[in-house]
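Below is one structure, written out as structure tokens, with a few remarks after it.
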Amino acid sequence: MLTVKNLSFSYESFPVLKDLNFNVQQGEHLAVIGESGSGKSTLLKLIYGEFDLIEGEIHWKNSQVLGPKFNLVVGYDFMKYVAQEFDLMPYTSVEENVGKFLSNFFPEEKQQRTAELLDVVELKPFAKTKVKTLSGGQKQRVALARALAKEPEILLLDEPFSHIDNFKKQSLRRSVFNYLKSKNITCIVATHDKEDVLGFADHMMLLNNQKIEAYATPEKLFKNPGTPLIASFFGEYNNIDNAIVYAHQLKIVESSALKVVVKHSYFRGNFYMIEALYNDDQIFFESDSPYNPNTIIRLEIVK
């Protein structure tokens with residue numbers, strides 16, 4: 001498994017991470033969340049060996065992960081890292097990029113493996129296309145496929161679907177994460193998108209103020225967020241009488257002490273998100289239909 005012990009790191013005099021301790025089992029998927037600047041990308045780069053640790057140790061099974069002071073070439077054969085900047089060969093085809101690190105001594109196996117991975121990232125029709133002509137989202141998918149080519153034991157993903165449009169994102173997410181599970185590949189994904197977490201991550205880690213603020217299953221953190229920061233990751237929430245209440249946990253009733261005045265109604269597909277005022281504080285709740293501004297509504301909390 002991956003073991004991170006007493007990890008601390010600073011950019012010169014600016015501290016980013018302090019005293020991090022956690023383990024990730026073989027085949028487990030860990031989602032790392034946090035606000036911009038919380039250290040998500042830095043943590044992945046440290047695990048990959050791109051930076052030298054200030055304090056602490058990182059181990060994958062029996063191997064210690066060390067930075068550039070100890071390795072002429074950054075990275076390890078058992079690990080792949082897909083960053084938000086893609087290191088691709090622009091003037092060669094998609095299939096040539098994916099098969100770059102596969103042996104030419106077994107051409108049939110190389111071709112089959114490349115085709116399999118292009119299927120995983122939904123790029124088979126673009127196999128012969130030069131990478132330079134692809135969109136940002138398509139390049140991101142090529143980078144994912146190439147990282148998977150030699151079946152790493154651990155895969156580090158930094159916002160892996162950030163460049164991919166909504167028309168492809170859902171099916172691609174299922175395809176990639178299900179593939180990783182089927183191959184027992186450990187995955188650590190830094191993300192700001194709850195859809196990368198719900199249904200796919202085994203555990204979720206929140207970085208805040210240089211430390212691990214929360215570490216649990218997505219279901220546990222969703223049902224018991226504990227802090228506004230965790231709740232905000234999952235969706236609209238309210239702080240009512242010092243309790244965190246999601247918008248979907250507020251139901252419209254005929255009689256209640258929780259009286260609100262409607263300000264706006266936002267169409268969200270299968271429901272409307274209603275913005276209202278409760279004792280001069282902003283509050284959100286879900287409704288099957290919109291309401292006119294200044295309409296008085298009574299609510300109750302249903303958990």
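What you see below is based on every heavy atom in this structure, not just the backbone, and it leaves out hydrogens, waters and symmetry mates.
With rounding to the nearest 0.5 Å, the separation of NZ in K69 from CG in L53 is 10.0 Å. Separating the CD1 atom in I252 from the CD atom in E286 is a distance of 10.5 Å, to the nearest 0.5 Å. Within the model, atoms CG of N208 and CD1 of I212 stand 12.0 Å from one another, a figure rounded to the nearest 0.5 Å. Between the CD atom of E300 and the OG atom of S255 there is a distance of 10.0 Å, given to the nearest 0.5 Å.
Counting only heavy atoms from C-beta outward, the side chains of V260 and F285 approach each other to under 4.5 Å. Between I297 and I274, every side-chain heavy-atom pair lies at or beyond the 4.5 Å cut-off. The shortest distance between side-chain heavy atoms of D158 and Y81 falls below 4.5 Å. Residues N292 and V262 form no side-chain contact, since every pair of their non-hydrogen atoms from C-beta on lies 4.5 Å or further apart. Side-chain atoms of V142 and Q138, non-hydrogen and from C-beta on, never get closer than 4.5 Å to each other. Taking 4.5 Å as the limit, every side-chain heavy atom of N238 sits out of range of all side-chain heavy atoms of Y278. Side-chain contact check for E28 versus N23: every heavy-atom pair is 4.5 Å or farther apart. At least one side-chain heavy atom of V197 sits under 4.5 Å from a side-chain heavy atom of F233.
Side chain of D196 to backbone of T191: no donor-acceptor contact under 3.5 angstrom is found. Distance alone, capped at 3.5 Å, is enough to place a donor-acceptor pair between the T186 side chain and the Q25 backbone. A donor-acceptor pair is defined here as one N or O able to donate and one able to accept, closer than 3.5 Å; such a pair exists between the side chain of Y76 and the backbone of L66. Formation of a donor-acceptor pair under 3.5 Å by the R141 side chain with backbone atoms of E122 is found in this model. Side chain of K100 to main chain of R146: no donor-acceptor pair is present (N/O by atom type, distance under 3.5 Å, no hydrogens or angles). Formation of a donor-acceptor pair under 3.5 Å by the Q140 side chain with backbone atoms of P160 is found in this model. With hydrogens and angles ignored, the 3.5 Å screen pairs a side-chain donor or acceptor of D193 with a backbone N or O of E195. Using a distance-only test at 3.5 Å, with no hydrogens or angles considered, no donor-acceptor pair links the side chain of E236 to the main chain of F284. Using modelled atom types, no side-chain atom of R268 and backbone atom of M273 make a donor-acceptor pair closer than 3.5 Å. No donor-acceptor distance shorter than 3.5 angstrom exists from the side chain of R298 to the backbone of V253, with no hydrogens or angles considered.
Legend: side chain to side chain donor-acceptor pair (under 3.5 Å) pairs involving residues 6-17, not counting sequence neighbours, sorted by first then second residue: N6-N21, Y11-T42. Listed by first and then second residue, the salt bridge (Lys or Arg N to Asp or Glu O under 4.0 Å) pairs involving residues 205-222 are E219-K223 (not counting sequence neighbours). The side chain to side chain donor-acceptor pair (under 3.5 Å) contacts involving residues 239-251 comprise nothing, where partners must be two or more places apart or lie in separate chains.
Within a 6.0 Å sphere centred on CD of Q111, other residues, nucleotides and ligands contribute 12 heavy atoms or fewer. Atom NZ of K61 is surrounded by more than 12 heavy atoms from other residues, nucleotides or ligands within 6.0 Å. Heavy atoms from other residues, nucleotides or ligands lying under 6.0 Å from CD of E35 number 12 at most. No more than 12 heavy-atom neighbours from other residues, nucleotides or ligands sit within 6.0 angstrom of NZ on K128. Other residues, nucleotides and ligands contribute more than 12 heavy atoms inside 6.0 Å of the NZ atom of K139. For D77, the CG atom sits in a loose shell: 12 or fewer heavy atoms of surrounding residues, nucleotides or ligands are nearer than 6.0 Å.
Annotation for L277: hydrophobic cluster partners, listed by chain and number, are none (ILVMFWY side-chain heavy atoms under 4.5 Å, direct or chained).
For M89 against V131, the heavy-atom pair with the smallest separation is O-CB, 3.7 Å. Closest non-hydrogen pair, P218 versus F234, comes out as O-CZ, 3.9 Å. Minimum heavy-atom separation, V74 to E50: CG1-CA, 3.7 Å. Across every non-hydrogen atom of G49 and P68, the tightest pair is O-CD, 3.5 Å. Taking both residues in full, the closest heavy atoms of V65 and M79 are given as CG2-CE, 4.1 Å, listed atom of the first, atom of the second, then distance. Closest approach of S287 and S289 over heavy atoms only: OG-O, 2.6 Å.
By the salt bridge (Lys or Arg N to Asp or Glu O under 4.0 Å) test, K124 pairs with no residue at all, sequence neighbours left out.
A side-chain donor from one of S93 and E96 sits under 3.5 Å from a side-chain acceptor of the other. Residues Q282 and K263 bring no donor and acceptor atom of their side chains to less than 3.5 Å of each other.
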Full working for side chain to side chain contact (heavy atoms under 4.5 Å, CB included) between L46 and V4: CA-CA 10 Å; L46 288 166; V4 175; over 6 Å; no
Passes side chain to side chain contact (heavy atoms under 4.5 Å, CB included), L43 versus F9? Steps please. CA-CA 9 Å; L43 176 60; F9 182 78; over 6 Å; no
For a side chain to side chain contact (heavy atoms under 4.5 Å, CB included) check, start with the C-alpha distance between V82 and L156, then their side-chain angles and the critical distance, and finish with the verdict. CA-CA 6 Å; V82 181; L156 309 173; over 6 Å; no
Side chain to side chain contact (heavy atoms under 4.5 Å, CB included) between K130 and T92: does it pass, once the steps are laid out? CA-CA 5 Å; K130 282 186 168 51; T92 58; over 6 Å; no
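Judged by a 6.0 Å distance limit and a 45° cone about the ring axis, R173 is positioned over the six-membered ring of F161.
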Table please: side-chain donor-acceptor pairs of residues 175-184 below 3.5 Å, with sequence neighbours left out.
residue : atom : partner : partner atom : Å
S175    : OG   : V120    : O            : 2.6
N178    : ND2  : R174    : O            : 3.0
Y179    : OH   : R113    : NH1          : 2.7
Y179    : OH   : R113    : NH2          : 3.1
K181    : NZ   : G27     : O            : 3.0
K181    : NZ   : D202    : OD1          : 3.4
K181    : NZ   : D202    : OD2          : 2.7
S182    : OG   : Y179    : O            : 2.7

